[in-house]
Amino acid sequence: MHIRSLTTPFLCLALLAPGLSPAGDRMEHNEILRLRAAGEIMPMEEVLRQAAGIVPGQFIEAELEREDGRYVYELKILDADGVRHKLYLNASDASLIKRERDR
């Protein structure tokens, strides 16, 4: 996987996509930038690097959500066999919370 070539487009997606939401509300671009600047969430490049170590494949989509008082990145990745994986990573340190895979 070429993370460097995917980072910029998907960082923009992660910052601007309507799917980025805390508790069901759309997060505004400025709020996401504030969280990043404050160190409350990790840069998308680092999150993608961590995700590639868990599931190598093609990155599809990212969402930032607030769950149980913490920010969580939900990443969708398509592996080499065409299986879609969902990774839930703690946005503050990119640690794996949960991993799901389509059957």
Can you measure from CD1 (Ile54) to CZ (Arg99) and round to the nearest 0.5 angstrom?
-> 7.5 Å
Indicate yes or no for a side-chain donor-acceptor contact from Arg66 to the backbone of Gly69 under 3.5 Å, with no hydrogens or angles considered.
-> yes
Arg34, CZ atom: more than 12 neighbouring heavy atoms under 6.0 Å | yes
Main-chain N/O of Val83 paired to Asp79 side chain as donor or acceptor, under 3.5 Å = yes
Val72, Met44: one ILVMFWY side-chain cluster at the under-4.5 Å cut-off?
-> no
Can you see which heavy atom on Leu89 is nearest to which on Ile97, and at what distance?
-> C-CD1, 3.9 Å
Provide the closest heavy-atom pair for Leu75 versus Ala62 in the form atom of the first, atom of the second, distance.
-> CD2-CB, 3.5 Å
So Leu87 and Leu96, side chain to side chain contact (heavy atoms under 4.5 Å, CB included) or not? Walk me through it.
-> CA-CA 7 Å; Leu87 300 180; Leu96 181 64; 4.2 Å; yes
Quickly, which of Gln58, Glu61, His85 forms a side-chain contact (heavy atoms from CB on, under 4.5 Å) with Lys76? Name it, please.
-> Glu61
For Ile41, which of Asp93, Asn90, Leu35 qualifies under side-chain contact (heavy atoms from CB on, under 4.5 Å)?
-> Leu35
Distance (rounded to the nearest 0.5 Å) between Arg101 CZ and Asp81 CG = 8.5 Å
CZ (Arg84) and CD (Glu100) are apart, to the nearest 0.5 Å, by 9.0 Å
NZ-NZ distance between Lys98 and Lys86, expressed to the nearest 0.5 angstrom | 8.5 Å
Euclidean distance, Glu65 CD relative to Tyr71 OH, rounded to 0.5 Å = 12.0 Å
Partner residues of Asp68 under the side chain to side chain donor-acceptor pair (under 3.5 Å) criterion, sequence neighbours left out | none
Heavy-atom nearest pair, Ile60 first then Ile77, reads CD1-C, 4.1 Å
Within the side chain of Tyr73, is there an N or O that forms a donor-acceptor pair under 3.5 Å with the backbone of Met42?
-> yes
When rounded to the nearest 0.5 Å, the distance separating CD of Glu63 from OH of Tyr88 is 8.5 Å
Would you mind checking if Arg49 and Glu46 are paired as a salt bridge, meaning a charged N to carboxylate O distance below 4.0 Å?
-> no
